[in-house]
Enquirer: 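One structure is given below, represented as structure tokens, and several questions about it will come after.
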Amino acid sequence: MELSPQILAGWLRAFAADIAENEALLTDLDRQIGDADHGANMVRGTTAVAQLDPADFADGRSYVKKAAMTLISTVGGASGPLYGTLLLRLGSALPDDGPIDQAGWLPALRAGVEGVVARGKAGPGDKTMLDALIPAVEAFEAATDQPWQAAAEAAAAGRDATVPMIAHKGRASYLGERSAGVADPGATSSALLIEAAARTLA
Amino acid sequence: MELSPQILAGWLRAFAADIAENEALLTDLDRQIGDADHGANMVRGTTAVAQLDPADFADGRSYVKKAAMTLISTVGGASGPLYGTLLLRLGSALPDDGPIDQAGWLPALRAGVEGVVARGKAGPGDKTMLDALIPAVEAFEAATDQPWQAAAEAAAAGRDATVPMIAHKGRASYLGERSAGVADPGATSSALLIEAAARTLA
Amino acid sequence: MKKLINDPGTVVADALRGMAAAHPGTLKIDHANRLVISIDAPRPGKVAVISGGGSGHEPLHSGFVGPGMLDVAVAGEVFTSPTPDQVLAALQAADSGAGALLIVKNYTGDVMNFEMAGELAAAEGIDVASVIVADDVAVTDSLYTAGRRGVGGTVVVEKVAGAAAQAGCTLAEVTALAQRTADAARSMGLALTSCTVPAAGRPTFDLADDEIELGIGIHGEPGRSREQIAPVRELAARLVTPILEDLDFTDAPVIVLCNGMGGTPLIELYGLYAEVSDLLAAQGVQIARNLVGNYVTSLEMAGASVTLVKADDEMLEYWDAPVSTTGLQW
Amino acid sequence: MKKLINDPGTVVADALRGMAAAHPGTLKIDHANRLVISIDAPRPGKVAVISGGGSGHEPLHSGFVGPGMLDVAVAGEVFTSPTPDQVLAALQAADSGAGALLIVKNYTGDVMNFEMAGELAAAEGIDVASVIVADDVAVTDSLYTAGRRGVGGTVVVEKVAGAAAQAGCTLAEVTALAQRTADAARSMGLALTSCTVPAAGRPTFDLADDEIELGIGIHGEPGRSREQIAPVRELAARLVTPILEDLDFTDAPVIVLCNGMGGTPLIELYGLYAEVSDLLAAQGVQIARNLVGNYVTSLEMAGASVTLVKADDEMLEYWDAPVSTTGLQW
Ligand SMILES: Nc1ncnc2c1ncn2[C@@H]1O[C@H](COP(=O)(O)OP(=O)(O)O)[C@@H](O)[C@H]1O
Ligand SMILES: Nc1ncnc2c1ncn2[C@@H]1O[C@H](COP(=O)(O)OP(=O)(O)O)[C@@H](O)[C@H]1O
Ligand SMILES: [Mg+2]
Ligand SMILES: [Mg+2]
Ligand SMILES: [Mg+2]
Ligand SMILES: [Mg+2]
């Protein structure tokens with residue numbers, strides 16, 4: 001696949017559409033174990049990103065970097081810096097231009113997820129977006145065929161695996177044991193991000 | 001009947017007991033067309049009156065005057081000054097002592113009710129306690145037999161007649177036409193006062 | 001009913017204990033008579049300014065006791081006028097010989113109890129005047145009714161009268177100014193939810209999830225009409241319009257109070273004020289001063305009221321004068 | 001959901017319009033960046049004190065902007081940390097070259113967004129320090145969690161730091177004092193009812209008619225446990241005891257904040273304070289200063305929190321220093 005602002009905008013606009021469709025779900029998950037704003041936060045940010053015109057960008061990298069800055073400056077909360085850092089690092093690790101394959105994507109995905117770890121200081125099992133993102137990258141790397149599809153399935157499974165978890169980071173951690181029983185809102189939105197990639201980048 | 005502090009205390013203590021029993025009703029009526037405090041107000045006042053020891057008083061008059069002052073200094077709201085004035089004027093118009101009959105009671109009752117009119121500037125049909133008290137005095141006067149019984153029946157009928165009325169005085173007047181459909185709380189407590197008299201003074 | 005109380009019967013006494021504990025340096029509390037007294041009262045030569053009424057409207061009146069405003073606030077039971085002997089005790093505590101002004105909200109009970117107290121005090125040789133505040137345009141004014149309720153305008157009357165007394169005005173002067181201020185005040189309120197009187201244990205009225213009560217009183221007395229909730233832009237107009245229809249506010253500087261009923265957060269009150277000030281500007285009303293916050297409340301009721309006072313130079317001067325109370329300071 | 005709003009999406013912008021209309025003489029509003037700026041900022045030579053966070057906690061932070069407290073408050077969406085560029089704009093608006101202190105409540109989002117802004121500002125040559133307030137004892141503190149939330153103690157940190165900056169202290173001095181104050185603060189809260197986030201449209205949690213949530217957060221995050229409602233005397237003990245277990249407050253003067261969550265009337269807050277002050281006296285805690293009212297709220301939530309700050313002479317001196325904001329004045 002050719003790496004272009006248009007292709008990448010296709011991904012993030014699909015993500016924005018999925019977020020809009022799932023706003024109520026994301027808010028309701030956050031209402032149960034957080035502060036009921038994850039839906040509104042993500043809609044605000046992804047709507048702004050979807051309004052970026054890919055034609056304004058010279059290459060995929062600069063488009064993704066602008067998308068990241070847009071998230072950082074519109075989302076707020078915990079998810080703004082985290083999704084922003086994810087895309088910022090991912091964009092920086094993308095090749096300049098030209099065709100991209102599984103081997104080309106892998107370091108970019110890894111850099112993005114490592115950025116989330118560095119920014120938020122959470123790890124696997126803390127009941128955060130990382131519980132969708134880390135398995136997604138691992139599945140992407142391990143896949144012999146259709147790596148995006150494998151990543152999307154792993155992200156969804158990772159999201160579901162957050163249900164019984166007790167949160168250690170973010171607002172849900174204040175609940176202690178009462179945080180179990182509900183999927184993490186950020187893991188749920190992250191699974192949407194990878195699923196949108198599987199539909200648009202595969 | 002002999003006019004004594006004991007006899008009069010019998011009346012007002014019976015009234016206090018009836019008020020206590022009907023506190024929730026009085027509050028609920030006032031909740032619907034006022035500010036939900038008539039029950040608490042009347043309980044506070046009549047409880048204090050019931051604690052007066054009739055043995056401390058030289059005559060019926062001074063007992064009633066003290067009961068009036070007790071109501072004035074414990075009830076507050078509209079009902080405090082009105083019930084206080086009622087008893088103050090009634091007490092002042094009682095004969096010094098000795099036996100009392102229908103003819104003896106009539107000017108006292110009339111003075112009391114006129115005191116309420118003077119203090120509150122309401123009249124018949126304004127949906128206030130006067131709609132129980134005025135018919136009670138008229139029936140008392142007109143009765144050829146058992147005047148207290150006649151007064152009690154008239155007070156109860158007067159109370160019931162307040163249901164369809166539109167209030168012109170007191171807090172219920174703010175409701176305008178929406179004040180119709182509920183008995184006036186003050187008329188309801190006043191009917192209890194006259195009914196207690198019929199049981200204790202007849 | 002869920003409240004932070006010990007018992008419905010001790011709500012007022014407990015709050016006064018709290019005030020005593022919180023403000024020992026500035027307030028004296030007479031627990032027996034339920035008076036909140038300024039530490040410097042009585043002040044020789046100064047007219048005493050006294051107000052009071054049922055409790056449940058805090059900071060009114062106890063939060064307005066202090067230099068530049070009230071000398072004493074008299075606390076009745078929740079939503080119940082205090083008794084004459086409480087008010088008499090307040091007059092005795094505050095009078096320095098220069099006389100006392102009673103600021104009374106226009107409710108049958110308050111008017112009668114304060115009136116009786118005034119008669120008792122006069123008999124003791126205290127020079128007593130009183131001003132009745134009746135600013136609620138939700139209520140039709142008529143000789144044949146109890147008249148309009150006293151609501152938000154009371155704060156402005158208390159501030160202006162208190163400052164005039166502080167400045168050394170005579171009882172006649174303070175009274176005339178307070179009366180002029182009361183006459184120039186108009187208010188209108190609405191409720192989103194009912195309050196619950198502790199002794200009643202249940203909400204005074206029920207509103208559906210999409211209903212508001214327009215023209216609500218500060219004791220949860222129902223208002224003019226029950227309506228559908230609407231954007232605050234429209235609700236602001238429902239409050240402002242009847243006020244402007246009642247009195248011309250375009251020919252003088254105006255003091256505006258955007259007041260919360262107790263359960264509405266400040267973020268919404270500022271949102272309401274944004275609409276109110278836009279509406280007033282569009283109608284040619286010049287806002288000279290404003291106050292946004294909870295000043296005359298109705299327990300935990302959600303809702304708000306708007307008060308306009310048509311001011312003159314003297315009112316503005318006394319409005320601006322320093323005040324040092326727990327509820328208002330500048 | 002019934003609120004005095006135009007639209008869930010415009011709540012913060014509408015409130016800022018209202019603040020602009022209400023306080024033109026004392027506050028500047030940057031609507032694009034959602035900043036509430038003191039009219040006198042930046043002041044040459046003065047350290048800038050800046051705070052901010054999600055909206056819905058008013059008067060925190062916007063109500064504490066003015067001489068003697070904050071130079072700028074940064075308003076996020078309801079319950080959502082502001083973004084780094086908002087905070088950067090605040091730093092640019094307030095820095096006079098003397099540097100700026102960011103006072104940040106300890107929530108993952110706030111910490112990250114303010115941190116990013118600090119990095120951006122440092123790159124522009126602005127001297128930035130920050131202090132994290134984490135005073136909520138309801139949350140177990142641990143290296144492996146997000147740590148304690150910042151709640152009521154924030155008011156005291158903002159007051160003390162603001163006064164120190166006003167007095168001419170350097171950034172290092174203001175920061176050290178603010179950090180010491182934050183370290184000395186402990187809080188605990190409870191809710192009787194939930195708040196409703198406008199964008200969510202329904203209550204964050206449901207409580208039965210006889211239940212309270214103990215250890216509630218100011219965003220409606222659930223607390224330690226759900227319990228039966230009890231007399232305020234007992235509830236006061238449930239708030240005070242975990243605070244005293246966490247830190248010894250018997251060996252220094254203490255600043256006490258008895259704070260309403262937004263929907264609880266003042267009459268109840270004073271009733272709570274009566275019990276709190278009795279309990280503290282019985283435990284040998286000496287209350288040097290107190291504040292009773294709505295300071296750090298959670299929209300219309302009914303409930304209250306208690307904050308204790310173990311003070312030293314410097315903290316008390318700066319606590320007592322004059323302050324002139326819409327939410328605190330003396
Ligand atoms: N330290 C962290 N590391 C990774 N993800 C985190 C961290 N803290 C929170 N999150 C994610 O952010 C989500 C919440 O985002 P959001 O509700 O938008 O922000 P906030 O918690 O500030 O209200 C959580 O569900 C979680 O997935
Ligand atoms: N002007 C008046 N004249 C006679 N009775 C009145 C008047 N105003 C009010 N009342 C009576 O007082 C009753 C209300 O008493 P209460 O609830 O105790 O006082 P408040 O109205 O001050 O809350 C009314 O039901 C009515 O009967
Ligand atoms: Mg959230
Ligand atoms: Mg009543
Ligand atoms: Mg009453
Ligand atoms: Mg949030």
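Residue numbers start from 1 in every chain, and the chains themselves are labelled A, B, ... in the order their sequence lines are given, proteins ahead of strands.
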Enquirer: Hey, which of Gly54(C), Gly76(C), Pro84(C), Ala199(C) has the most heavy atom pairs under 4.5 Å with chain B?
Expert: Pro84(C)
Enquirer: With a 4.5 Å cut-off on heavy-atom pairs, point out which of Pro203(C), Gly109(C), Pro82(C) contacts chain B the most.
Expert: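 Between Pro203(C), Gly109(C), Pro82(C), the count favours Gly109(C).
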Enquirer: Which of the residues Glu23(B), Gln32(B), His38(B), Arg44(B) is involved in the greatest number of heavy-atom pairs with chain C at under 4.5 angstrom?
Expert: Arg44(B)
Enquirer: Where does Glu221(C) contact chain B at under 4.5 Å (heavy atoms): side chain, backbone, both or neither?
Expert: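 Its backbone and side chain both get close to chain B.
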Enquirer: Please name the pair of heavy atoms, one in Phe79(C) and one in Arg171(B), separated by the smallest distance, quoted to 0.1 Å.
Expert: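 Minimum heavy-atom separation between Phe79(C) and Arg171(B): O-NH2, 4.2 Å.
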Enquirer: Nearest heavy-atom pair of Gly170(B) and Thr108(C): which atoms, and what distance?
Expert: CA-OG1, 3.6 Å
Enquirer: Is there any residue in residues 74-92 of chain B with a non-hydrogen atom under 4.5 Å from a non-hydrogen atom of chain C, and which ones are they?
Expert: Thr74(B), Val75(B), Gly76(B), Gly77(B), Ala78(B), Pro81(B), Leu82(B), Thr85(B)
Enquirer: Heavy-atom distances under 4.5 Å only: say whether Ala40(B) touches chain C with side chain, backbone, both or neither.
Expert: side chain
Enquirer: Under 4.5 Å from any heavy atom of chain B, what part of Val78(C) do you find: side chain, backbone, both or neither?
Expert: backbone
Enquirer: In this structure, are over 12 heavy atoms from other groups packed under 6.0 Å from Arg199(B) atom CZ?
Expert: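 Count over threshold, so yes.
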Enquirer: Using every non-hydrogen atom in the two residues, find where Arg31(B) and Thr204(C) come nearest and quote the distance to one decimal.
Expert: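 In terms of heavy atoms, the two residues are closest at NH1-O, 3.1 Å.
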Enquirer: Can you tell me if Glu2(B) has over 12 outside heavy atoms packed within less than 6.0 Å of its CD?
Expert: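 Enclosed: over 12 neighbouring heavy atoms sit under 6.0 Å from CD of Glu2(B).
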Enquirer: Where does Asp30(B) contact chain C at under 4.5 Å (heavy atoms): side chain, backbone, both or neither?
Expert: neither
Enquirer: Crowded around Lys65(B) NZ? As in, over 12 foreign heavy atoms under 6.0 Å?
Expert: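 Counting neighbours around NZ of Lys65(B), 12 or fewer heavy atoms of other residues, nucleotides or ligands fall under 6.0 Å, so no.
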Enquirer: Given side chains that start at C-beta, do those of Ile72(B) and Met116(C) come closer than 4.5 Å, heavy atoms only?
Expert: yes
Enquirer: Heavy-atom cut-off 4.5 Å, strictly under: side chain, backbone, both or neither for Thr27(B) against chain C?
Expert: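 For Thr27(B), side-chain heavy atoms alone lie under 4.5 Å from chain C.
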Enquirer: Counting only heavy atoms closer than 4.5 Å, note whether Asp85(C) contacts chain B via side chain, backbone, both or neither.
Expert: side chain
Enquirer: Counting only non-hydrogen atoms closer than 4.5 Å, does Glu115(C) touch chain B with its backbone (N, CA, C, O), its side chain (CB onward), both, or neither?
Expert: side chain
Enquirer: For Arg178(B), is it the side chain, the backbone, both, or neither that has a heavy atom closer than 4.5 Å to a heavy atom of chain C?
Expert: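 Looking at Arg178(B), just its side chain touches chain C.
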Enquirer: Non-hydrogen atoms of chain B under 4.5 Å away: do they reach the side chain of Asn33(C), the backbone, both or neither?
Expert: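 Contact with chain B is absent: no heavy atom of Asn33(C) under 4.5 Å.
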Enquirer: Rounded to the nearest 0.5 Å, how far apart are OH of Tyr174(B) and NE2 of His219(C)?
Expert: 8.0 Å
Enquirer: Could you tell me which portion of Ser225(C) (side chain, backbone, both or neither) has an atom closer than 4.5 angstrom to a non-hydrogen atom of chain B?
Expert: backbone
Enquirer: Which bit of Pro8(C) is near chain B, if near means a heavy-atom gap under 4.5 Å: side chain, backbone, both or neither?
Expert: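 Neither part.
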